[in-house]
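This report concerns only the one structure given below.
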There are 2 protein chains.
Amino acid sequence: MVDTQDTASRARTRQAIIDAAIAVLGKNLSAPLSEVATAADVGRTTLHRYYPERSDLIKAIKAESVLRLSRATERARLAEGTGAEALCRLCEEYFEVGDVLSLVFSESQFLSEDDWCQFGGAEDRFGAAVERGHRDGSVDPDLPASWLENVLWSQLYAAWSYATEHGVSRHHVLRLTIRTLAGAIAPRP
Amino acid sequence: MVDTQDTASRARTRQAIIDAAIAVLGKNLSAPLSEVATAADVGRTTLHRYYPERSDLIKAIKAESVLRLSRATERARLAEGTGAEALCRLCEEYFEVGDVLSLVFSESQFLSEDDWCQFGGAEDRFGAAVERGHRDGSVDPDLPASWLENVLWSQLYAAWSYATEHGVSRHHVLRLTIRTLAGAIAPRP
DNA sequence: CCAGAGTGGAACACGATTGTTCCAATACGG
DNA sequence: CCGTATTGGAACAATCGTGTTCCACTCTGG
């Protein structure tokens, strides 16, 4: 991207802004830019120097979010193992992207249809894993892929906020999440 | 409340404003008041006549939300049947409050700790139902009440947005939700 | 040491939202 | 039918977030 022309110093500042923006705007997408600047520990002037308009900043954190989610999807190796195992791995990996979860899930306005498509067929691979799960008996055939996608996201978001609000160990919360998800998708006995 | 002094006409207008506010602010808590007025089919002037400041309107929909949730909790009869049955009933009843779900869940700033407490021990009865479920074997003992509360809310919110966005029958979505929840809370085989 | 990169603060104009006032039009009850 | 209750619109000031400009300060590398 444009980062190519950034010196080391500018790259660090840019990253600090992006991280702060994901954290602050994840909690409230209409938070004033001054809050983002404060969180990033930079002046409002500097923020405007890197991202002239609010929409530029939004575009940037959108790109960053998609990037992190893509990498997480990659790491989950959705094509391996049973369908249920693949979904649990995906859950584990997505849990690691942290603040991005709030951004993508709670602000439903954030990622448009187009953004999701551009986020490169993760949806397809997800659907394929669910299909496989339906066939190999590890995923309840009554639950369609679109529903499970919904469940997974809400579960993740709930887990993340539970961890941050209750101040519980993330590792512990992740175990609870996997346990809950596994039970939710398993076929009826 | 103040409604005591309202004529029939004023009561109707007041209710229209509250309903519109829950719908509009549920999607975006920082939406301009003009949007609320439009949705309520009322002039902005009228809105200000009923609720002079934004904070007054917020307070009102907060009270209304707590009221609807309390009634729903009542209807769920948490003390009857197995723990799991009680939780599923609660899920069904909460699903009916609709737009309030977005308001309470997605805007985490909305209900403060104090508001929750004032919402009268629903938390306690919920905890009791979970406890009972742990003992009668209908709820996995590894899942604490606070976690299940989290799961229930996120599941409900996901279900509600799924229904409104995908344009699916609410009844169908509710069945999926109950099915998913039941699986999630059941003890491991 | 010095030039330039990088930064932060102050000040400004602009637009949007808020909250207020006043007045005319309409609906409703007695 | 008349008078009051209720409403909507227009116009206004005040506030807040945004985006811009300008200037002074602090680093850092040559």
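Any value given below was found using the heavy atoms of this structure, including those in side chains, with hydrogens, waters and symmetry copies removed. Numbers restart at 1 for each chain; the letters A, B, ... are given by sequence-line order, proteins then strands.
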Under-4.0 Å side-chain N/O to phosphate OP1/OP2 contact, A:Thr46 with C:dG8:
yes
Short side-chain to backbone donor-acceptor contact, A:Arg44 and A:Ala37, under 3.5 Å:
no
For the residue pair B:Phe105 and A:Phe105, categorise the inter-ring angle as parallel (less than 30°), tilted (30 to 60°) or perpendicular (more than 60°).
perpendicular
Quick one: does B:Ser138's side chain have a donor or acceptor within less than 3.5 Å of a partner on B:Ala84's backbone?
yes
Check against side-chain contact (heavy atoms from CB on, under 4.5 Å), B:Asp56 and B:Lys59:
CA-CA 5 Å; B:Asp56 295 322; B:Lys59 216 180 304 175; 4.0 Å; yes
May I ask you to decide if A:Leu143's main-chain N or O and A:His134's side chain share a donor-acceptor pair within less than 3.5 Å?
yes
By nearest heavy atom, map A:Tyr50 and B:His48 onto DNA chain C; which one lands nearer the 5' end?
A:Tyr50
Donor-acceptor pair (no angle test) under 3.5 Å: B:Arg49 side chain, D:dG8 base:
yes
Between the main-chain N or O of A:Ala16 and the side-chain N or O of A:Asp19, is there a donor-acceptor pair closer than 3.5 Å?
no
Centre-to-centre under 6.0 Å for A:Trp160 and A:Tyr157, is that the case here?
no
For nucleotides 2-5 of chain D, print each protein N/O atom paired with a nucleotide N/O atom at under 3.5 Å, atom names and distance only.
none

Can you check the A:Leu47 CG to D:dG19 C1' distance for me, whole Å?
12 Å
Verify, without hydrogens or angle tests, whether A:Arg170 (side chain) and A:Gly98 (backbone) share a donor-acceptor contact under 3.5 angstrom.
no
Got a sec? Which of residues 25-44 of chain B come in under 4.0 Å of DNA chain C, heavy atoms?
B:Pro32, B:Leu33, B:Arg44
Using the side-chain contact (heavy atoms from CB on, under 4.5 Å) rule, take A:Thr73 and A:Phe119 through it: C-alpha gap first, then chi angles, then the decisive distance, then the call.
CA-CA 10 Å; A:Thr73 309; A:Phe119 164 41; 3.8 Å; yes
Is any N or O donor-acceptor pair between the side chain of A:Ser9 and the base of C:dG6 shorter than 3.5 Å?
no
Do B:Thr45 and D:dG8 share a donor-acceptor pair, side chain to base, under 3.5 Å?
no
Within residues 53-60 of chain B, the residues having a heavy atom closer than 4.0 Å to DNA chain C are B:Glu53, B:Arg54
